[in-house]
Amino acid sequence: MLSVRNVCKTLESFAINDISFEVERGRYFVLLGASGVGKSVVLETIAGLVQPDAGQILLDGKDITNEKIQKRGTALVFQNSALFPHMTVYDNVAYPLRCKKFSRRQIQERVASLGEDFGISGLLGRMPTTLSGGESQRVSLQRAVASEPRCLLLDEPISSLDVKSRPEMRGLLRKINAAGRTIVHVTHDYTEAVSLGTHIAVMEDGRIAQTGTVAEVLRRPRSEFVARFVGIRNFFKGRLEAPRGQAASRRFKTDGRDFSVLNDSEGGEGFIMVKSEDVTIANSPSHTSARNNFEGTIVDVVPAGLGLEVVVDIGAGTAVEVAALITAESVKALALRRGKKVWVSFKASAVKYVEQGTRSAGEWEDDGTGK
Amino acid sequence: MSRRGFRTGALSLVFAALGGGVLLFIVAPLVSMFLNCSLAELAETAGDDEVRNSIWLTLWTSMGATLIFAVAAIPFSYLLARKDFPLKGLVTGIIDLPIVIPHSAAGIALLGVLARSSFLGRAATKMGFSFISSSAGIMAAMAFVSIPFLINSARDGFLAVPVRLEKAALSLGASPLRVFLTISVPLAARPILSGLILMWARGMSEFGAVLIIAYHPMITPVLIYERFGAFGLKYARPVAVLFIIVCLVFFVMLRLLAKGRQDAQR
């Protein structure tokens with residue numbers, strides 16, 4: 001388990017303040033925040049590249065705050081791969097093993113088996129400068145894993161990759177995590193957090209604004225900032241059905257309701273997200289182009305930002321809550337109040353799908369169907 | 001051609017003419033020296049034991065000085081590239097000092113520290129050697145005037161090595177010394193090598209400081225000076241030509257070697 005306790009660090013341009021969080025062994029923890037908010041500094045503090053001014057860092061019960069970088073048991077992967085340009089891919093991956101004084105044969109075996117796991121066996125003889133972005137990032141990951149870290153630290157490992165290589169990279173990260181390795185992943189992209197993370201922390205101005213499971217933080221943001229940054233109130237876990245022959249219209253099945261999604265990706269386990277500002281509420285069913293229309297009961301009307309948030313339960317049996325952000329005038333004009341029957345609609349194109357791959361359900365404390 | 005392009009062209013022409021003058025100024029004396037020196041004279045000089053010994057002495061002392069001082073200078077350059085410390089500006093200034101002070105003055109200064117009566121001189125006597133009139137003294141004088149070239153070049157080389165790579169290596173479990181030896185030095189190899197070549201070449205051509213510390217044994221620049229003083233231009237010239245040829249051969253060889261390394265790195 002990794003514990004970061006009250007860590008503070010002031011640098012020239014900014015500071016991180018009172019950073020605390022815990023990452024259980026085997027978890028995939030995503031630190032989410034806008035760029036320049038200090039996420040990377042938190043990571044470098046854990047890795048020991050930056051000495052904190054105050055606070056404590058514990059890894060598996062051992063205080064590593066002042067431990068030497070090379071003895072911490074953490075490995076850091078940078079946004080732009082930090083492969084050593086004067087060494088072959090093989091020598092890069094063998095580097096941490098040589099530091100640990102493995103025998104030549106042990107190193108050969110280990111590099112070969114890792115090469116197969118990561119699908120880079122064919123690259124081992126190449127020089128890093130001849131690799132594509134996706135390939136070098138895969139090699140960087142393999143090299144970091146070769147050092148057998150107790151905690152793998154990733155600094156925006158996907159952001160610099162082109163859109164095509166991203167799903168492959170996410171798959172690889174899931175695989176590493178599924179093998180039991182604890183991961184702390186820093187990103188500014190909430191879809192990465194949703195797609196990969198079991199738990200997330202949102203950072204704002206050098207502070208942690210909220211931590212929790214992905215579902216908790218996304219569905220119940222505790223502050224205005226978190227809400228605006230990741231505020232996807234409508235967030236459902238389920239399965240995307242992709243029948244052959246249908247162009248880009250998909251059905252997304254959850255425990256409670258099915259939704260229409262405009263997406264051309266392959267089917268599979270994942271999440272859909274709908275911004276509350278994209279959801280319309282009406283007193284009667286209306287004939288529009290919106291493909292998602294549900295009748296439900298208003299369970300709550302609460303102020304949110306500039307308007308009001310109307311939460312409607314559209315579930316049949318189990319509760320499925322959909323939140324709509326609407327103006328106070330509309331609430332008044334439609335006489336919306338708790339307990340009233342209304343129609344909720346949103347377009348299939350307003351639904352964002354994020355694939356999640358396979359992960360055991362136990363890692364999701366929230367089952368994704370609402371409260 | 002546009003008016004502006006024409007004017008730039010004319011200006012370039014003027015600059016090229018000026019450059020040609022400077023080039024001629026460098027090349028002409030050398031060429032005339034080579035032309036005024038017959039092959040027979042050269043062959044005779046090359047057979048002269050005194051000349052051969054002095055060239056050999058100059059080569060090995062300058063290389064020795066470079067290699068011995070590199071052991072301390074390269075890590076020091078790394079420190080200058082990576083760490084900030086109080087009075088760093090002063091330290092950087094001190095490193096450049098040997099370049100700006102007259103070399104005979106440098107020799108006098110060095111003599112004060114290395115003379116047999118001095119602390120270092122006495123220590124050397126105890127260990128069975130002396131700096132004065134010896135190869136050890138020649139190396140000290142050569143190193144004194146040439147070490148800034150190595151330090152500055154190596155420091156610039158280390159500055160160009162991304163800190164990110166060093167951090168990555170540390171985080172992969174390498175000790176700082178291992179990172180220095182396996183990441184920083186190999187990645188700065190080319191500037192370090194070119195610094196070594198510069199330091200070596202500068203040491204080899206040193207005259208003033210060496211003359212004061214060790215007139216004997218005679219390095220080639222001192223020998224050229226002595227033959228000129230005692231016998232005149234005609235006797236000094238073949239030695240100078242021979243020495244220049246030997247230096248150029250080594251210089252070109254090392255340059256080619258450095259270039260080969262660079263290609264291997266990319």
Side-chain angles (χ1 to χ4, degrees), chain A residues 12 40-41 43-50 64 67-88 91-102 127-130 136-137 139-155 184, chain B residues 70 74-75 77-79 81-86 88-89 153-197 256-266:
Chain A
E12 277 167 34
S40 298
V41 179
L43 218 53
E44 295 199 349
T45 312
I46 299 170
L49 298 169
V50 170
I64 58 163
E67 182 63 277
K68 286 180 184 159
I69 301 166
Q70 68 268 27
K71 300 218 167 119
R72 290 185 160 234
T74 58
L76 181 57
V77 174
F78 293 84
Q79 174 171 9
N80 298 307
S81 88
L83 294 178
F84 307 133
H86 58 305
M87 297 179 190
T88 60
D91 288 329
N92 265 283
V93 178
Y95 193 83
L97 301 169
R98 295 210 171 104
C99 296
K100 288 189 174 165
K101 310 262 187 260
F102 280 106
M127 293 308 277
T129 41
T130 68
S136 9
Q137 203 59 294
V139 175
S140 299
L141 258 179
Q142 190 201 2
R143 188 178 66 175
V145 170
S147 75
E148 294 287 340
R150 272 177 293 187
C151 182
L152 186 58
L153 308 170
L154 311 173
D155 192 354
V184 178
Chain B
I74 293 172
S77 319
Y78 182 73
L79 198 70
R82 283 288 180 262
K83 303 281 179 224
D84 276 318
F85 47 84
K88 189 173 171 181
S153 177
R155 184 192 54 206
D156 292 347
F158 285 128
L159 276 173
V161 175
V163 180
R164 199 160 52 95
L165 296 182
E166 295 174 353
K167 286 182 172 180
L170 281 172
S171 130
L172 288 169
S175 66
L177 179 65
R178 196 184 182 94
V179 174
F180 176 70
L181 292 176
T182 60
I183 307 296
S184 320
V185 170
L187 286 176
R190 219 167 68 81
I192 290 175
L193 206 61
S194 94
L196 286 170
I197 294 172
L256 287 178
L257 201 77
K259 216 170 164 215
R261 272 202 78 95
Q262 172 201 18
D263 293 340
Q265 221 182 75
R266 301 298 143 198

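Per chain, numbering begins at 1; letters A, B, ... match sequence-line order.
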Query - From A:Y95 atom OH to B:I183 atom CD1, the distance as rounded to the nearest 0.5 Å - result: 4.0 Å
Query raised in the report: Which pair of non-hydrogen atoms, one from A:C99 and one from B:G173, has the smallest distance, and what is that distance?
Result: CB-O, 3.6 Å
Report task. Report yes if the side chains of A:R98 and B:T182 come closer than 4.5 Å at any heavy-atom pair, otherwise no. Result -> no
Query raised in the report: Quick one: does A:P85's side chain get under 4.5 Å of B:L187's, heavy atoms only?
Result: yes
**Report entry** Side-chain touch A:Q70/B:P176, heavy atoms, less than 4.5 angstrom
**Finding:** yes
Query raised in the report: If every non-hydrogen atom of B:L172 is compared with every non-hydrogen atom of A:S147, which pair is closest and at what distance?
Result: O-CB, 3.9 Å
Report task. Let me know if A:T88 has heavy atoms under 4.5 Å from chain B in its side chain, its backbone, both or neither. Result -> neither
Requested in this report: Take atom NZ of A:K68 as the centre, draw a 6.0 Å sphere, and report whether it contains more than 12 heavy atoms from other residues, nucleotides or ligands.
Outcome: no
Report summary line: d(B:K167 NZ, A:E44 CD) to nearest 0.5 Å is 4.0 Å
Query raised in the report: Any idea which of A:V77, A:T130, A:N80, A:L97 has the most non-hydrogen atom pairs under 4.5 angstrom with chain B?
Result: A:N80
Requested in this report: Look up atom CG in A:L76 and atom CZ in B:R164, then write down how far apart they are to the nearest 0.5 Å.
Outcome: 10.5 Å
